[in-house]
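For reference, the structure discussed in these notes is given below.
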Protein chains: 2
Amino acid sequence: MENNLEIFSHFEECPVRKVLNRFGDKWSILVLMVLGEVDNMRFNKLHKTIGDISQKMLTVTLRTLESDGLVKRTVFPEIPPRVEYEITDRGRSLLIHINNLVEWADENMESILESRAKFES
Amino acid sequence: MENNLEIFSHFEECPVRKVLNRFGDKWSILVLMVLGEVDNMRFNKLHKTIGDISQKMLTVTLRTLESDGLVKRTVFPEIPPRVEYEITDRGRSLLIHINNLVEWADENMESILESRAKFES
DNA sequence: GTAATTAACTTACTTTTGGTAAGTCAAAGG
DNA sequence: CCTTTGACTTACCAAAAGTAAGTTAATTAC
């Protein structure tokens, strides 16, 4: 204990944080979870499945996931256009950890919400 | 596959997301990681250890973590004030998963950054 | 007697993020 | 030739998050 605390100093510039920060946004984890449930999915199906995401944010989120190699985007040169998204192996390897976190949240949710309620009073 | 997709619809109202969203902010995970390394730490020591967090955000972050029962806050009624923060058992149980995620980020960081660079060109 | 110390809180301000609504594009169908 | 279709773009606006600087209190060290 009490060793190596310097690691945390100005963690902003730390590449690990650069990576982790990407999943702190509103939609990335959710989109990854949905794509983890299917072989692939088209844009509009994703849009309808999630329901309360805007087109713009779905586009932005998918682009980010794609740029990080977590999602693969396949365009079929047809009209009207068809674009399919699927999770990559890297995406799946991340999803495992995310699901562990979700499981934790699921198990602890109730007592956390109680804790919050108590705190506010 | 392709079953139970309704879970994701309007996930906004989902309590699991309510819990997970808390850790998507800029500082919560970092503060928890620091407190995971020591027995306890005072406010100013935390401030200096992290370096680039503002006082306000450190206060807000600590209050949130406290309200969720992840961090314990102990005030000593002295002047100048002394307040000690320590991670709780619940906080530790979360930290395990976070560390797994950090480990994943560490392992995949390089290829993700490459992936991003390639994507931008 | 005055400066420094500590952990806040407050205010005013700027930045970042996310949302809305409209428009684009190109071919096929009526 | 006008509408439909899917997957975006774009311009604009609102909300959330973050920053900087100032204020408070009683004791101690100068």
Side-chain angles (χ1 to χ4, degrees), chain A residues 9-13 17-18 20-32 34-35 38 40-68 71-86 119-120, chain B residues 9-14 17-18 20-31 34-35 38 40-68 71-86 119-120:
Chain A
S9 171
H10 297 273
F11 203 44
E12 183 70 19
E13 294 145 22
R17 193 164 168 83
K18 271 203 177 73
L20 285 181
N21 268 350
R22 286 294 253 262
F23 319 121
D25 70 348
K26 198 170 173 184
W27 302 110
S28 291
I29 287 181
L30 182 53
V31 169
L32 213 57
V34 172
L35 289 177
V38 296
N40 60 65
M41 200 180 272
R42 296 175 64 180
F43 185 90
N44 272 3
K45 181 83 184 290
L46 267 168
H47 192 208
K48 275 168 205 152
T49 299
I50 295 178
D52 56 351
I53 189 174
S54 66
Q55 277 194 329
K56 176 190 156 187
M57 286 317 296
L58 183 53
T59 302
V60 169
T61 303
L62 286 166
R63 282 295 173 292
T64 306
L65 291 172
E66 189 197 359
S67 98
D68 284 6
V71 157
K72 186 173 160 231
R73 177 172 185 263
T74 310
V75 181
F76 297 85
E78 309 169 354
I79 298 239
R82 179 156 66 102
V83 182
E84 285 180 0
Y85 294 92
E86 68 183 300
F119 188 81
E120 274 154 30
Chain B
S9 172
H10 296 273
F11 202 44
E12 183 72 18
E13 294 146 22
C14 168
R17 192 163 169 82
K18 270 204 179 71
L20 285 181
N21 268 351
R22 286 294 252 261
F23 318 122
D25 70 349
K26 199 169 172 186
W27 303 110
S28 291
I29 287 181
L30 183 52
V31 169
V34 174
L35 289 178
V38 296
N40 60 65
M41 201 180 272
R42 295 177 64 182
F43 185 89
N44 273 3
K45 181 83 184 288
L46 267 168
H47 192 210
K48 276 167 205 154
T49 298
I50 294 177
D52 56 350
I53 190 174
S54 66
Q55 279 195 329
K56 177 187 160 189
M57 286 318 295
L58 183 52
T59 302
V60 169
T61 303
L62 286 167
R63 282 295 173 290
T64 306
L65 291 172
E66 190 196 357
S67 99
D68 284 6
V71 158
K72 185 174 162 232
R73 178 171 185 264
T74 310
V75 182
F76 296 84
E78 310 168 357
I79 296 230
R82 179 156 66 102
V83 183
E84 285 182 0
Y85 296 92
E86 67 184 300
F119 187 81
E120 272 155 31

I'd like a table of atom pairs between the protein and nucleotides 13-17 of chain C - only N or O on both sides, under 3.5 Å - with the distance next to each one.
none

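- A:D25 is linked by a side chain to side chain donor-acceptor pair (under 3.5 Å) to A:S28, counting only residues two or more places apart in sequence or in another chain.
- In this structure, A:I53 places its CD1 atom 14 Å from C1' of C:dT20, rounding to the nearest Å.
- With distances taken from any side-chain atom of B:W27 to the nucleotides C:dT20, D:dG18, C:dA7, the minimum falls on D:dG18.
- Annotation: the span from B:K72 atom NZ to B:L65 atom CG amounts to 15.5 Å, rounded to 0.5 Å.
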What do the steps show when you test A:W27 against A:L62 for side chain to side chain contact (heavy atoms under 4.5 Å, CB included), and what is the final call? CA-CA 9 Å; A:W27 302 110; A:L62 286 166; over 6 Å; no
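- We find that CG of B:L62 is positioned 11 Å from P of C:dC9, with the value rounded to whole Å.
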Kindly give the atom pairs (protein nitrogen or oxygen, nucleotide nitrogen or oxygen) under 3.5 Å for nucleotides 3-6 of chain D.
unit_1, atom_1, unit_2, atom_2, d
D:dG6, O3', A:R42, NH2, 3.3
D:dG6, O3', A:P81, O, 3.0

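- For the atom pair CZ (A:R42) and OG1 (A:T74), the distance works out to 12.0 Å, reported to the nearest 0.5 Å.
- Between A:R63 and D:dC8 there is a side-chain polar atom (N or O) within less than 4.0 angstrom of OP1 or OP2.
- Between atom CD1 of residue B:I50 and atom CG of residue B:L30 there is a gap of 4.5 Å, rounded to the nearest 0.5 Å.
- Rounded to an integer number of Å, the gap from NZ of B:K45 to C1' of C:dT6 is 15 Å.
- Atom CG of residue B:N40 and atom NZ of residue B:K45 lie 9.5 Å apart, to the nearest 0.5 angstrom.
- The NE2 atom of A:H47 sits 8.5 Å away from the OG1 atom of A:T59 when rounded to the nearest 0.5 Å.
- Rounded to 10 degrees, the angle separating the terminal axes of the helix from C:dG1-D:dC30 to C:dG30-D:dC1 is 30°, with each axis obtained from five end pairs.
- The salt bridge (charged side-chain N to carboxylate O under 4.0 Å, His left out) test applied to A:E78 returns A:R82, not counting sequence neighbours.
- Nucleic acid contact for A:Y85: sugar-phosphate only, since backbone atoms but no base atoms lie under 4.0 Å from a heavy atom of the residue.
- At the heavy-atom level, A:S54 lies under 4.0 Å from base atoms of the strands shown.
- Atom-to-atom, CG of B:L58 to C1' of D:dT19 comes out at 14 Å; the value is rounded to the nearest Å.
- Atom NZ in A:K56 sits roughly 9 Å away from atom C1' in D:dC12 (whole-Å rounding).
- Shown here are the salt bridge (charged side-chain N to carboxylate O under 4.0 Å, His left out) partners of A:R22, two or more places apart in sequence or in another chain: A:D68.
- Side-chain atoms of B:R73 lie closest to C:dA8 of the nucleotides D:dT19, C:dT20, C:dA8.
- The two atoms that bring A:L46 and A:Y85 nearest to each other are CD1-CD1, 4.2 Å, heavy atoms only.
- Here the P atom of nucleotide C:dA7 and the CG atom of B:L46 are 9 Å apart, to the nearest Å.
- Atoms CD (B:Q55) and P (D:dT24) sit 16 Å apart, rounded to a whole Å.
- Remark: B:T61 OG1 to B:I29 CD1 distance equals 11.5 Å, nearest 0.5 Å.
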